[in-house]
Amino acid sequence: MLKKEIGTKGIFLLASLITTLSLSGCANDLAEQENAGTVIYEEEPSENQETEHSEYAGTNNTSNNAETVTTAENDTADTVKSETKAPVQSEPVSQPQAETSQAQTETSVTLTDKEKAFLAQICNELNDFNSGQAMDDKFWHDFLFNSYTGGTSENAVTEQVYREDLGFEETVVKVSIQEAQERVKLVFGIELPDFKPSFEDMEKGQTSFFYKDGNYYIGVSDLPDYQYTFLECATDKENAANTIVKYTIDFMGESNVGTVAFNISPENNENGFIIRSKTTEFVK
């Protein structure tokens, strides 16, 4: 019995010892685990962490580099854009060149109201002609006759001339040859030729037109009742030195029944021009 009890106690002691040793081993394991945990937190970053850090750093560097490149590209683009938009500096135009360019866009003659009124009067006094036409005695007869027959000038001097063929005295305007010569010079820029028709040379029944003692005697009569209104000035396409001046024609209450066109050129005279030709066109 005693041996059995001893055996039982020994077994109990052995079990207690084993339990104690087991608990001690667990404590050691826990201690080692705690120590291991501490080492884990204190140990150097893993390769993955280093890779992530490198990638992050690389991203930052790439971003910085990209920003630098973008800034450089923008600066370059702005420079190119600025150079593209910058106006090309041309040589300054000298004053004479500018004046010449302006003159080419304008007519060679500038008309004042006075000169426009002068041409409107000539519309009714001058027959159509051109620069190649011969200015014969008929031409000068018609021009001088139409210029003075109306007696519209305030300075006109009139006289009475008996016309046996008509059976009464006719009122005539007395015009000195000097005045006639000046008018021809002003209108055409040439000298009046030696044109001196006599009283005896007149056709029977015609309105007086004759020369005597340094004067022309021109019978008073009415001209057609045309009204002329200034229309425009334009450079002559065939000769840029000349100017085309146009007037519209009104007659008997009707407007724009036709046009008169003068071709004029600059001249150093009272008007600043002379007449080269005149053309009348009526609406059909």
Side-chain angles (χ1 to χ4, degrees), residues 87-148 152-153 178-193 195 223-224 226-251 254-284:
V88 178
Q89 298 295 330
S90 59
E91 293 295 330
V93 179
S94 62
Q95 189 64 25
Q97 290 177 337
E99 291 177 355
T100 300
S101 177
Q102 183 177 3
Q104 290 176 350
T105 62
E106 298 177 352
T107 57
S108 60
V109 177
T110 301
L111 299 177
T112 65
D113 290 341
K114 178 182 177 181
E115 290 149 6
K116 291 175 183 178
F118 176 86
L119 284 174
Q121 180 181 347
I122 294 294
C123 284
N124 219 11
E125 298 176 356
L126 176 61
N127 292 338
D128 288 2
F129 80 104
N130 58 65
S131 56
Q133 178 179 330
M135 295 181 175
D136 54 15
D137 288 351
K138 184 180 186 306
F139 178 87
W140 294 119
H141 171 278
D142 292 345
F143 174 68
L144 292 176
F145 179 85
N146 292 337
S147 295
Y148 297 102
T152 56
S153 173
Q178 290 81 9
E179 181 181 345
Q181 288 171 339
E182 290 173 2
R183 184 166 183 79
V184 168
K185 186 74 172 180
L186 177 65
V187 175
F188 304 105
I190 60 175
E191 300 293 336
L192 175 65
F195 176 59
L223 293 174
Y226 291 113
Q227 293 83 47
Y228 303 92
T229 303
F230 174 79
L231 178 61
E232 64 178 0
C233 281
T235 300
D236 184 0
K237 295 180 180 179
E238 297 181 359
N239 186 348
N242 293 348
T243 299
I244 305 298
V245 186
K246 291 186 178 181
Y247 286 77
T248 59
I249 305 173
D250 298 339
F251 182 69
E254 295 187 26
S255 301
N256 297 329
V257 299
T259 58
V260 173
F262 292 104
N263 188 316
I264 64 176
S265 62
E267 185 74 10
N268 185 21
N269 60 18
E270 181 181 347
N271 287 332
F273 63 87
I274 57 174
I275 300 175
R276 297 290 184 182
S277 67
K278 177 197 170 200
T279 304
T280 303
E281 294 183 358
F282 287 95
V283 177
K284 297 180 179 180

Please test F273 against F262 for ring pair (Phe, Tyr, Trp, His ring centres under 6.0 Å), starting from the C-alpha separation and ending with a verdict. CA-CA 11 Å; F273 63 87; F262 292 104; 8.6 Å; no

Any chance you could lay out the side-chain contact (heavy atoms from CB on, under 4.5 Å) test for E267 and K185, step after step, and finish with the verdict? CA-CA 11 Å; E267 185 74 10; K185 186 74 172 180; over 6 Å; no

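The CD1 atom of I244 sits 12.5 Å away from atom CG of L231, with the distance rounded to the nearest 0.5 Å. Atom-to-atom distance recorded for T107:OG1 and D236:CG is 11.5 Å, nearest 0.5 angstrom. Considering CG of N127 and CD of Q133, their distance stands at 8.5 Å, rounded to 0.5 Å. For the atom pair N124 CG and N146 CG, the distance stands at 7.5 Å (nearest 0.5 Å). The line from CG of N256 to OG1 of T229 is 8.0 Å long, rounded to the nearest 0.5 Å. Distance check: L192 CG to E182 CD gives 11.5 Å after rounding to the nearest 0.5 Å.
Here the side chain of D128 pairs a donor or acceptor atom with the backbone of T280 at under 3.5 angstrom. In terms of modelled atom types and a separation under 3.5 Å, the side chain of K278 and the main chain of C123 share a donor-acceptor contact. Between the side chain of E254 and the main chain of F251, no donor-acceptor pair closer than 3.5 Å is present.
Only one option out of T235, N242, T243 pairs with S108 in a side chain to side chain donor-acceptor pair (under 3.5 Å); it is T243. The ring pair (Phe, Tyr, Trp, His ring centres under 6.0 Å) test with F143 is passed by exactly one of F188, Y148, F195: F188.
For the pair K116/L111, a side-chain contact is recorded, criterion being any heavy-atom separation below 4.5 Å from C-beta on. Side-chain atoms of W140 and V184, non-hydrogen and from C-beta on, do get closer than 4.5 Å to each other. Annotation: side chain of I275 is in contact with side chain of L119 (closest heavy-atom distance under 4.5 Å).
By the 30° and 60° cut-offs, the orientation of the rings of F282 relative to Y226 is tilted.
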